[in-house]
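These notes are about the structure you will find just below.
Each ligand, and each atom within it, is numbered from 1 in the order the structure gives.
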Amino acid sequence: MTRTRLDAHIAALDAPEGLKTVLTVVAATCADISKVVAGGALSGALGASGQINVQDEEQKKLDVMTNDMLTDALLASPAVAGVASEEMDEVQPASNPAGDYLVLFDPLDGSSNIDINAPVGTIVSVLKSATATPTEADFMQPGRHQVAALYAVYGPQTMLVLTTGAGVKGFTLSNDGDWILTHDDIAISPDTREFAINMSNLRHWAEPVQTYVGDLLKGEEGPRAKNFNMRWVAAMVADVHRILMRGGVFLYPWDRREPNKPGKLRLMYEGNPMAFLVEQAGGKATTDGRQAILDVQPEHLHQRIPVALGSANEIDAYAGV
Ligand code: F6P
């Protein structure tokens with residue numbers, strides 16, 4: 001059987017050449033990142049970098065290495081007008097006169113998993129730029145404006161999952177370094193018996209979230225009259241990947257510990273690209289069960305949001321509590 005390679009899929013897309021170039025560069029860099037991740041201690045990739053990022057988080061060595069890899073590759077591409085990263089304070093214009101794409105990324109999602117050899121990933125969002133000399137204001141577009149979103153998950157298999165607005169496709173990295181189409185037309189089942197949330201935060205959640213999760217935990221004997229299972233990989237990429245493969249809901253709600261922060265996850269690097277993929281796979285991606293993440297007007301680059309996404313009927317149930 002002849003399998004479709006990602007480069008052939010990209011070449012056949014009904015999309016501008018510039019977008020095809022961006023996707024090609026990102027896919028090649030993710031394949032390179034997977035080698036560094038897989039090398040672990042042998043790649044000098046474990047442990048802390050000794051630096052603190054704009055989010056006030058301690059950066060891992062791999063956060064810094066992967067951020068540099070993506071930034072360098074994208075800024076060198078003539079199609080790119082500028083990049084923004086969870087790991088960098090400010091947007092980086094590319095100085096490419098013909099560049100008309102903005103690329104936003106979380107170079108290494110779930111970095112607390114690195115040192116324990118658990119899955120991590122890269123998340124990428126692509127927007128059109130109105131100018132070849134973008135400033136932060138040019139990046140402040142709602143997720144609905146994305147022209148592509150993808151993630152790479154570095155787990156037992158390395159996979160790249162992509163949407164350009166016409167469904168979702170999954171490619172597996174072969175031993176020869178090619179991305180091969182293995183998951184055509186990924187669809188999220190509308191119903192589920194599986195949820196993902198960091199339960200240790202239960203006491204900090206708002207009442208409706210506590211009620212919703214409490215009802216799930218009551219199983220067959222409770223108001224939902226069915227048993228639910230729970231999974232939490234602590235890397236959004238891996239948790240969302242599971243939902244794309246077999247359904248489920250992923251929740252990272254607002255909580256009372258830092259009442260002025262709307263949530264933990266970032267709108268531009270995590271919420272928007274994952275929401276685009278989830279909606280394209282037939283699921284729902286919201287802040288609270290109702291408000292679509294893709295319709296949120298960003299106010300600043302590193303903005304955080306609450307996230308509730310996954311199987312459509314279960315997100316409706318979450319909204320209904
Ligand atoms: O980027 C933030 C992140 O690492 C996500 O990938 C993940 O879903 C979440 O944080 C894990 O949060 P916690 O530390 O509460 O388990």
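Side-chain contact between Val124 and Val103 is present, with at least one heavy-atom pair separated by less than 4.5 Å.
The part of Phe250 lying near ligand 1 is the side chain, judged by heavy-atom distances below 4.0 Å.
A donor atom on one side chain and an acceptor atom on the other are found under 3.5 Å apart for Tyr154 and Thr122. In summary, the side chains of Asn272 and Arg266 do not present any donor paired with an acceptor at a separation below 3.5 Å, with no hydrogens or angles considered.
An N or O contact shorter than 3.5 Å is missing between Leu265 and ligand 1 by distance. Taking distance alone, with nitrogen or oxygen atoms compared against 3.5 Å, Asp109 approaches ligand 1 more closely than that limit. Ligand 1 has a nitrogen or oxygen under 3.5 angstrom from a nitrogen or oxygen of Asn198.
What sits closest to atom 5 (C) of ligand 1 on the protein, heavy atoms only, is Met236 N, 3.6 Å. Nearest non-hydrogen protein atom to atom 14 (O) of ligand 1 is Lys264 NZ, 3.1 Å. Remark: minimum distance from atom 16 (O) of ligand 1 to any protein heavy atom is reached at Trp232 NE1, 2.9 Å. With hydrogens left out, the protein atom closest to atom 15 (O) of ligand 1 is Tyr252 OH, 2.5 Å, a heavy atom. The nearest heavy-atom contact from the protein to atom 1 (O) of ligand 1 is Glu270 OE2, 2.6 Å.
Without hydrogens or angle criteria, Gln210 side chain to Trp205 main chain gives a donor-acceptor distance under 3.5 Å. Side chain of Ser129 to backbone of Asp100: no donor-acceptor contact under 3.5 angstrom is found. In this structure, Asp176 contributes its side chain and Asp178 its backbone to no donor-acceptor pair below 3.5 Å.
Look at Lys284 and Asp316 and you find a salt bridge, because one of the NZ, NE, NH1 or NH2 atoms lies within 4.0 Å of a carboxylate O, short of that distance.
No continuous path of ILVMFWY side-chain contacts below 4.5 Å connects Val120 to Phe250, so the two sit in separate hydrophobic clusters.
Atoms of ligand 1 lying under 4.0 Å from at least one heavy atom of Arg266, given by number and element, are 1 (O), 2 (C). For ligand 1, the atoms lying closer than 4.0 Å to a non-hydrogen atom of Ala235 are 6 (O), 8 (O).
Residue Asp239 places every heavy atom at 4.0 Å or more from ligand 1.
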